[in-house]
Structures are given as structure tokens and as C-alpha cells.
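Structure, as C-alpha cells:
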Amino acid sequence: MCIAFPGKIISIEDDRVAVIDISGTRREVYLDLIDEDVTVGDYVISHAGYALHKVDEETARENLSYLKTIIESEA
Amino acid sequence: MKYIDEYRDPALVGKLRDAIDKRARSIGRPLTMMEICGSHTQAIGRFGIRELLPEGIRLISGPGCPVCVTPVQDVDRAVFLAGLDDVVFATFGDMLRVPGTGGKSLQKARAAGADVRVVSSAMDAVTAAEKNGGKTVVMMGIGFETTAPTVASAVKRAAKKGLSNFCVFSVHKAVPPAIKTLLEDPALNIDGFICPGHVSTIIGADAYSMIPRSGRAAVITGFEPVDILEGILMILTQVAEGKKEVAIQYARGVSPSGNPLARALMEEVFVREASLWRGLGEIPESGLRLRDEYSAFDALKRFAVPVLRSAEAKGCECGGILKGTLSPFECPLFAVACTPHNPVGPCMVSSEGTCAAYYKYR
């Protein structure tokens, strides 16, 4: 039930509502629970009609490349 | 899709598997890990993770499916509320087919004429209340810390709109108290926990500090194959090095301090109380009830729900399965009398219920 997906913010409407694109599907999500500034183009992880977390692109990239380094060094 | 495809990279999955194999061999003894979250149970089945792992690593499922841990009494209360005159009962889809006493369910109540509607957000229920002025919309508030803040926000939005025909039947539960209960069991044979991803998005890493204190590894893990395998590798590393801590594999979805704003909203609307869990019994401070300030939105204050005579289905082993002491294959009803089409217990209903996931991917 705690399923949530990263979606890209397409637009931000009045009343703290954003339209996001999740793999081609558009959905409205409320921004009431997001504690960071978000803007069009950001990725947010959303659940039950609410954005819960802004994905930090750099953190994501660094973690994946760190993982690849570890894997290579173990091989 | 960005942030999904790169975590399904077959080459990376293969290398991770080799690294896990090597690390597990260096530890040289069998290891057991528990995934707490139902979405992990489902992903592990779907991506065939169990089959990828070396023989000595056993994955067991914990009490992480909200509809599964909801006791039969609350299922019965939901069915009662749904059957009241002039009530629109709104629920997340998972709850619809969960059997209550004598096989009653929200789906059967709907077939008998109750106005039961599936929503994907509590705000859909608020909208339904605005459109159905003559009726009262009861939203079933179910789910862990991922979902509870969304329902809290919907209550606040309904209050701001001055809606008097919207209320919540809250059976929300908090995850850490259930983990504490598992850890208190001296028979618990678990080396590490695959901690939930999106619950942790809200509660952060500190909420699991009791796990390393009990001498076990804890890794907050994402839901793609690369995530889950990396989470398992990180648990192995903690075991190998003898250094237990709460680590975050799912860094793109979880910050160490979680989401304080969502937590504050949840705490503003809900207060903690003891709550009954299927399989685990009553756990202190694990339930979320609407605070007195929001009692106008509390379905249990608005409607007199009588004490119902509730009883679990005979022979159902969901309780032991939710504690991780039994595997679905050890339940005599599994895949015989109990199937996703005709479920006896809740673990066979929800797609992320342990039995449903084991059935589908067996």
C-alpha cells in the first residue's frame, strides 16, 4: 500500500496542486506535505494523491555511480 | 522512465548478485533477513529476487501490509459503517475484498446496496463530500506513516472548506512500535531488516535505532531490483564487519531526517494510542486516532458503532505469517481453500499481502 513513484512536475496550479507525469500518465498531486521548494521539471515521489519527497538528482546520481564503483572493485 | 529504468539494469543486477554471493560465502553461515514492507514482498516476488540469492540467504516477510494487519474487528466496523443509511463509504482499493467475520466484506456490502467507492486519494473523498451534500462521506483511513499524513492533510482541507459531511474511520498504524514488538520476541531469528522505503520517506532513519541496538542490521531500501539487491548486500556488509547501524540504500527517496513537515501534520491531526494488530496483538502507541480537536471528523464519534461479535476465519494462519514465524506454504489453506480469487484471510487479498505475492510468483 505504500507504493509510490517518481514523477516529473509538468505544471503547478493554484491551491498547492501540481500535475505530474509518471511514465506517461498524468496525475494531480497536492503539495501540502512537501517540505522543499519544488518547481516545474523537478521529480517528486508521490503517494495517494500527495507529493511526499523531492528527488535530489545529484544524490541519486552519486549513489548509483558509487554502487557501480563498489561492484567493479569487488569483481 | 528516469529513476526506475537504471535500477532495473540487468548487468548491474548480475554483478550485485555475484557480490552478494561472495560476501555471503565469506560470512559462512546461513542468514535470515526480514522485509517489513508489503511493497517489498511484492517486488521480491515480482522480480524473482528470492531465486537470485545464494542458498544461505533466507528472506521472510513481516507485518508490512496495512490491510493484512488490520484486525477482523475493524473490518467488521468498516462493513457496518458502509451499510448505514446516507453514508458514502470511501476506501483504498486494497480494503474492498478483505474478509470480515463470516466472509462479509465491503465488496459484498456494495453488492447488497451500500454506497462503497474506491478512491486513490483521501482528497477524492473530500471532493465526493462536496458533491454529495445530503450524505456523509466516511473515508477509511488505513495505512502506515506514508499514508497517514495524506489523510491528515485531507482532514485539514475539509475543515478549511467548512465541510460537515466528511469524516474518517482511522485504523492507521505506526511501523516502529511493531518492529519493537518483533524485537522483543526472544525466538526472533533475524540478522537484518530490509526497512521500508516510503514509510521512511516520512519517518527518517532515526526511527529504527532500536534495530542496531538489538544487534541487527537495518537498511532502508528502495523497490527496484538493484535497490533490493544493494540493500541485501549492505546488510551482509554490516554483518561481516560486525558494525550494526541504520543505513540508507534508498537515498533518492529518503533523507536521514525524513519529512518533518508531513510528520508534524500527522501529529497535529492524530494522537497515538494502543492498537490491535492481526498476528501481533495489542501494541502500545501504535494506532493513530483523530485528536479531540478534530473529533467532528472522527467517524467513530459521529456514528454509534456497536460492539460487534468478530471472529477470525477458521484455520487461517495470517497471524503467524505476519509475524514471520510461518511461511504461506506452511498454511494448510494456502492455494487450496484460500486463493486470490476466493481469499480466506487478508494476506491473500491485497496484491502485497504475503500469501498473494507467494501465490502469484510461486
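Residue numbers begin at 1 in each chain, while the letters A, B, ... track the order of the sequences.
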### Part of A:E36 lying under 4.5 Å from any heavy atom of chain B
neither
### Task
May I ask you to say whether A:D42 pairs ionically with A:K54, meaning some side-chain N is under 4.0 Å from a carboxylate O?
yes
### Query
Do B:S39 and B:E352 have side-chain atoms, one donor and one acceptor, less than 3.5 Å apart?
yes
### Task
Give a yes or no on whether the ring-centroid distance for B:F223 and B:H198 is below 6.0 angstrom.
yes
### Summary
The interface call for B:D18 against chain A, heavy-atom contacts under 4.5 Å, is neither
### Summary
Between the NE2 atom in B:H172 and the CZ atom in B:F270, the distance rounded to the nearest 0.5 Å is 4.0 Å
#### Entry: chain B contact via A:R27 - which portion, at a heavy-atom distance below 4.5 Å
side chain
### Message
Under a 4.0 Å threshold between the charged nitrogen and the carboxylate oxygen, would B:R252 count as salt-bridged to B:D227?
### Response
yes
### chain A contact via B:I142 - side chain, backbone, both or neither, heavy atoms under 4.5 Å
both
### Ring centers of B:Y3, A:Y43 separated by less than 6.0 Å
yes
#### Entry: Portion of A:T59 that has a non-hydrogen atom of chain B nearer than 4.5 angstrom
side chain
### Task
Please state whether the side chain, the backbone, both or neither of B:P196 comes within less than 4.5 Å of a heavy atom of chain A.
neither
### For chain B, the option from A:L52, A:I3, A:I22, A:N63 that forms the most heavy-atom pairs under 4.5 Å
A:L52
#### Entry: Pair B:K156 + B:E268: basic N to acidic O under 4.0 Å
yes
## Note on the structure
Taken to the nearest 0.5 Å, the spacing of B:M234 CE from B:Q249 CD works out to 6.5 Å
### Query
Looking just at side-chain N and O atoms, do A:H47 and B:T147 make a donor-acceptor pair shorter than 3.5 Å?
yes
### Query
Any idea which of B:C65, B:G143, B:P149, B:S153 has the most non-hydrogen atom pairs under 4.5 angstrom with chain A?
B:S153
### Query
Hey, which of B:S120, B:A262, B:C37, B:P260 has the most heavy atom pairs under 4.5 Å with chain A?
B:S120
### Query
Within 45 degrees of the axis of the six-membered ring of A:Y30 and under 6.0 Å from its centre: does B:R157 put its NZ or CZ there?
no
### Task
Against chain A, label B:V151 side chain, backbone, both or neither, depending on which of its atoms sit under 4.5 Å from a heavy atom there.
neither
### Task
Let me know if B:A154 has heavy atoms under 4.5 Å from chain A in its side chain, its backbone, both or neither.
both
### Message
If you count heavy-atom pairs within less than 4.5 Å of chain A, which of B:R263, B:E6, B:K2, B:Q42 leads?
### Response
B:K2
### Message
Given heavy-atom pairs under 4.5 angstrom as the criterion, report whether the side chain, backbone, both or neither of B:L16 touches chain A.
### Response
both
### Query
Of the backbone (N, CA, C, O) and the side chain (C-beta and beyond), which part of B:T201 lies under 4.5 Å from a heavy atom of chain A, both, or neither?
side chain
### Query
Which atoms of A:I45 come close to chain B, meaning under 4.5 Å heavy atom to heavy atom: side chain ones, backbone ones, both, or neither?
side chain
